[in-house]
2 protein chains.
Amino acid sequence: MKVIVAESAGFCFGVRRAVERAEGAAAEASTAVCLGPLIHNPQEVERLQELGLRPVEEAEVAAGETVVTRSHGTPADQLARLEARGPVVDTTCPFVKVCQQRAEKMASEGYAVIVVGDPGHPEAESIASFARRGRSAPEDAVRVVTDAEQLELGGKKAAVVAQTTAREENLARVVAACLPRFAEVRAFNTICDATARRQREARELARGADLVIVVGGRRSANTRRLVDICAEVRQTRWIEGAEELSPGWIEGCERVAVTAGASTPDRVLSAVVRRLEVLGGNVQDGE
Amino acid sequence: MKVIVAESAGFCFGVRRAVERAEGAAAEASTAVCLGPLIHNPQEVERLQELGLRPVEEAEVAAGETVVTRSHGTPADQLARLEARGPVVDTTCPFVKVCQQRAEKMASEGYAVIVVGDPGHPEAESIASFARRGRSAPEDAVRVVTDAEQLELGGKKAAVVAQTTAREENLARVVAACLPRFAEVRAFNTICDATARRQREARELARGADLVIVVGGRRSANTRRLVDICAEVRQTRWIEGAEELSPGWIEGCERVAVTAGASTPDRVLSAVVRRLEVLGGNVQDGE
C-alpha cells in the first residue's frame, strides 16, 4: 500500500504566524488569555493552554490581562472594545485583514456586501461585521452566503468577497448569480493562494487514490472543504488525529492519499502518517 | 396552426431613436450621409437611403455634409475626427454610450478591460476603442471575447463589460473565468433590459412551439443570438423578410413562434405574420 502525503498539507502562513504570536504573548505577558480558540484545532489549542494561554469569552477578561485574538478575525466592535481596554495581540491572518478592509471600504462606498463563506463561521462573520461598520444603514445590505441559491439581495451595486478558505466554484457561482441582480458586481478573489493550492492538490490526489484521509479539526471550515472536495471523487475519511484511524478502512487499498487542513499541526499529521506506516504503508513522494 | 408573436419582437428604444434622428437629419440637412449602416437591417437602411441618407466610408465624406453615425457606436478616434470636421448627428444608443464611458473610465483607472461580445462587431469594437483611449499603454490590456475560453489575460484587476446584446450566460462565464486570474473583477451588466427580455421570451416561446421563425438582418448580432437561443431548444429558421418563408417549413406544425431582432422594422415583421396567416395560421396572444 502506497501512502501519498499532500505537499500542501498542514499549517498555512496565517496559522503559523498566529501560533507564534500566541506563544510569544504567553511567554511575555504575566497573564494572557485567548478570545475563543486561536485556531480550529483542538490539539493545538490544548497545547497553547498548557503554555498558559487560557481561552475565554470577552466578559471573562480580567483587568491587565493581555488578550490574544483568534486568527480567523474578531468582530469589528469587539476588537474596538478590547483595544480601548488594554493590551491586545491581534493574530488575525493578514489575508483575512485585507478582506475585512475591502468589505468595509466597499460598504462605505455604498455597495451591498456579499461574503461567500459559512454563515456563523467566525471569519465570515468578522468580515461581515467590518462591512456593517462601513455602512450608514448597517444591517440591510450585508450578507454571508455559502452558495448562489441563498442570494436574495438585488440593487445597483454589489461587492463580493470570500472567506479566505471558500471554494472557488462557490465564489464563481455567487458572482454569476449577482450579475442579473445588480448593475455592477465588484468581486474580490480573497480566497488565499495556500487554500486554493491545497484544494487543487487534494482533488488531484483523490483522483489517483483508493481512499483519502483528511486530518483536521471538526470545526475547521477549510478542512471540511477538503473533505467535500475529496468525497466528490473518492471515498474520504475525516479524522482529528491518528487514534481515530481504523485499520479496516485501508484493507484492499493500493494507494491512500493524506492531506490536512491549514490549522493541523505537523506533529498531528506526522502521527497519522506513522500509524499508516505501522499498518503496512510505504510513504511516497507526491509524484 | 397557431402563430404566436413575441411581445418583445422588433425595434428597441435605441434603434427607434437612431432611425428618428437619421430621418430628422435627412429632412433638415441639405446633404446628410451615414457612416456605415445605421442599424443592421438592410430593408431599413434602403428606406433611409431613399430618404436621402447615403451610407459612406469616412474618406468619402464631403465638406459641409452632415454625418450621421450608426446606432452601434463609432470608434473613439473616428468620432473625434468627425466632430472636429463638421456637423455630426450621433445616434449611438444611450445604453452603448454608458458602456463606452464605463470602459474608458475603468481603463483610465488601470483595469484590464474585457468586452464580452463579438470580435469585429462595430459595437464591441467601439466599446474597446473607448477603453484603449482611456489607457496610457493602449493595446495590451483591452480584449473583446465571446466566451470564457478566449480569455488569456491575467493580472491585478479586470473590468468586464458586455456588448448590450450579449448573452447573460456568456457574461457570467467570462466573469467566472476572470476570478482565478485577477485579484479584483469588476463586472458591469451592460446587457440592455430589452435584449435580456427578448431573449428570455424567445426561449419560453420556443419551448412551447414546433418551429421558431426569427426575423432580422443577417449581420444583426442580437438576431443571431435569438436564433442561437431558440435553436438550442427547437427547430429555428432565420429570415430577413417574408419572401424567404417557405411553406414546406410549417407543414405539420401546430404552433409556430415568431420573434424579431431589435433592428427589424414592424412592417417587415408584420409582412411575415401576414404571410403565415395566408398559409393557414391563426395569430394568438403570447399567453
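Residue numbers begin at 1 in each chain, while the letters A, B, ... track the order of the sequences.
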Look at atom [atom1] of [X] and say whether more than 12 heavy atoms of other residues, nucleotides or ligands are closer to it than 6.0 Å.
X        : atom1 : answer
A:Asp77  : CG    : yes
B:Arg224 : CZ    : no
B:Lys105 : NZ    : no
A:Arg219 : CZ    : no

Report summary line: Under 4.5 Å to a heavy atom of chain A? For B:Val185 that would be both

Query raised in the report: Taking all atoms of both residues into account, what is the closest heavy-atom pair of B:Leu179 and A:Asn189, and its distance?
Result: O-ND2, 2.7 Å

Query - For chain A, the option from B:Ala172, B:Ala183, B:Ala176, B:Cys178 that forms the most heavy-atom pairs under 4.5 Å - result: B:Ala183

Query - Spatial distance of atom CZ (B:Phe188) from atom NZ (A:Lys157) [nearest 0.5 Å] - result: 9.0 Å

